[in-house]
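Okay, so here's the structure we're looking at.
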Amino acid sequence: MDRQPGTSGKSFHGMPGSARLLNDRIALELFAQHGSLSRTQLRDMMGVTQPTAIDLVRRLTEAGMLTKLKQEVQSRRGPKTAVFGLASGEHFIAAVNVRDRFIGVLIADITGGPSVASADRRIDDRPLARQIHAAVEALLLSVGLGWERVVQTIVGVPGVVNLATGDLGFSWDLRNLSGSLLSSLQAVVSSPVQLVNGVDLAAVAEGTRADLQQRSIFALLWIGTGVGSCLMVNGTPLRGASGAAGQIGYTPVPEAPMPQVRPRTGGFQGDLQALIGGQGLRALAKKVGLPSQSVPTLLRQGAGPADHLFQVYFNEVARRIAIACASMASVVDPGVFVLQGSTAMAGGAELAQRVQDRFTEISPLSATVRPGAYQEHAELEGGIELGRKLARDAIWGGGEVLRQRRSNSAQPFIVP
């Protein structure tokens, strides 16, 4: 029988009192962050009394959430100190990403740590939902797991996710699945499943970086075959009124004719996608006189001590990306831009620096431009991060109380 989050007997939603529920959730998050803790360490981190810490660990151990890991010998004379950690191997997250005719999959434990397994497979002519199901199932079987262990599945898609329905909206790559992908997935995937824009997931992954966790706002700009963006506000992607926020590729820009909306007969012409998308940058390379190569290959050569033509190309790409950053900055002023996607990552830190230099020349605003931290699979890592949050809310409980407490106070811990 398939187990749904919160129904396995290891959930403790029925425990009385928001203070206790919040303390339980915070304790579990601390164990996820640090790996192992003694009761005394937990007491000091939470600012609770020793009896409260002892009761917390006892209650969570009895609920199957914690397990005693080892005995730690103290430096001074006295009894050994018990060390506890999260009980792993019970609940898993599946993250899927659909992009560039490939399906990528990651499997990871809800308790944290590195992914258990990963795989990629090319999309064929079968129904996409069945291909996604088959890709996840094959990866689960390869590590000895079944669908009954998956408590949340996150699927990244290249397009708009309708905020009202949660289903796929407008997508150039998946036009025949608009309004029907979610229901098709729910028919074959036994865990709760959620569709998320892939660029939003990449931004969630980048937001786990220590330097960005401290920021209330930053922007991710995705530059690859397609172009997109995500504005992260207080750790959450800004999705807009309908879910279409971040579709910056459709923005009219200087040096390009105004877009003509022809979704059935070829799409848009003359927008930001035409300026810095894969096709536009290939056309630029031809205009400059460079050999016919992929955009990432050209940029990797331009980032080093390349000849004059490669430098001309590299600088023009940076200038065009700076136009995109300046357009976003004039509206949302994010302060930091993170560049992701195959084009951006091929240019690396050198491209980010030149984009920042050009940005300074064309905008009176201040912003830092940084390369992404993930060379590949940023969307999948973001899917695991989001899936863990959703699954922990369902299984560990206290998610809404925790968010309210954090938004209302600089001190997140409740002391009974």
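In this chain, residues are counted from 1 in sequence order.
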With no hydrogens and no angle check, is any side-chain donor or acceptor of Ser178 less than 3.5 Å from a backbone partner on Arg175?
no

Do Ile248 and Thr251 have side-chain heavy atoms sitting under 4.5 Å apart? yes

Quick one, Leu201 and Leu380 - any side-chain contact, counting heavy atoms below 4.5 Å?
no

*Using atom types as modelled and distance alone, determine if a side-chain donor or acceptor of Asp124 lies under 3.5 Å from a backbone N or O of Arg126.*
yes

In terms of ring plane angle, is the pair His133 and Trp147 parallel, tilted or perpendicular, where the classes change at 30° and 60°?
parallel

Donor-acceptor side-chain pairing of Asn234 and Thr236 below 3.5 angstrom = no

Stepwise side-chain hydrogen bond (donor to acceptor under 3.5 Å, both in side chains) test for Thr297 and Ser294: CA-CA 5 Å; Thr297 298; Ser294 70; 2.8 Å; yes

inquiry  = Please check: side-chain N/O of Gln213 versus main-chain N/O of Thr208, any donor-acceptor pairing under 3.5 Å?
reply    = yes

Side chain Glu376, main chain Ser342, donor-acceptor under 3.5 Å
no

Just wondering, are more than 12 heavy atoms of other shown residues or ligands nearer than 6.0 Å to CD in Gln293?
yes

_Check: Leu221 and Cys325 side chains under 4.5 Å, non-hydrogen atoms_ = yes

>> Can a donor-acceptor pair be found, under 3.5 Å and without considering hydrogens, that links the side chain of Ser327 to the backbone of Ile323?
In response: yes

message: Salt bridge or not between Glu385 and Arg388? Use side-chain N to carboxylate O under 4.0 Å.
response: no

Side chain to side chain contact (heavy atoms under 4.5 Å, CB included) test vs Val338 passes for just one of Leu212, Val369, Thr368, namely Leu212

- [ ] Could you check Asp357 against Gln353 for side-chain hydrogen bond (donor to acceptor under 3.5 Å, both in side chains), going step by step and ending with a plain yes or no?
- [x] CA-CA 6 Å; Asp357 293 343; Gln353 182 60 57; 3.0 Å; yes

* Asked: Under 3.5 Å, side chain of Gln247 to main-chain N/O of Gly228, donor-acceptor pair present?
  -> no

Arg215 side-chain N/O to Gly207 backbone N/O, donor-acceptor pair under 3.5 Å: no

Check for a donor-acceptor pair, side chain of Arg25 on one end and backbone N or O of Gly397 on the other, with a separation under 3.5 Å. yes

Item checked: Electrostatic pair Arg319-Glu316, nearest N-O below 4.0 angstrom -> yes

Using atom types as modelled and distance alone, determine if a side-chain donor or acceptor of Gln273 lies under 3.5 Å from a backbone N or O of Val227.
yes

Do Asp173 and Pro158 make a side-chain contact, defined as non-hydrogen atoms from C-beta onward lying under 4.5 Å apart? yes

Discussion item. I'd like to know if Glu29 and Arg392 make a salt bridge, using a cut-off of under 4.0 Å between side-chain N and carboxylate O.
Written reply: yes

Tightest non-hydrogen contact, residues Leu66 and Leu86, listed as CD2-CD2, 3.8 Å

Between Ser38 and Thr81 the two heavy atoms that sit nearest each other are CB-CG2, 3.5 Å

Exercise. Flag the pair Asp393 and Lys389 as a salt bridge only when some basic side-chain nitrogen lies within less than 4.0 angstrom of an acidic carboxylate oxygen.
Key: no

**OP:** Please confirm whether the backbone N or O of Leu281 pairs with a side-chain atom of Tyr313, one donor and one acceptor, at under 3.5 Å?
**Re:** yes

- Query: Any side-chain heavy atom of Val196 sitting closer than 4.5 Å to one from Val157?
  - Reply: no

Would you say Met328 and Ser229 make side-chain contact, with heavy atoms under 4.5 Å?
yes

If the threshold is 4.0 Å, N to carboxylate O, is there a salt bridge linking Glu379 and Arg99? yes

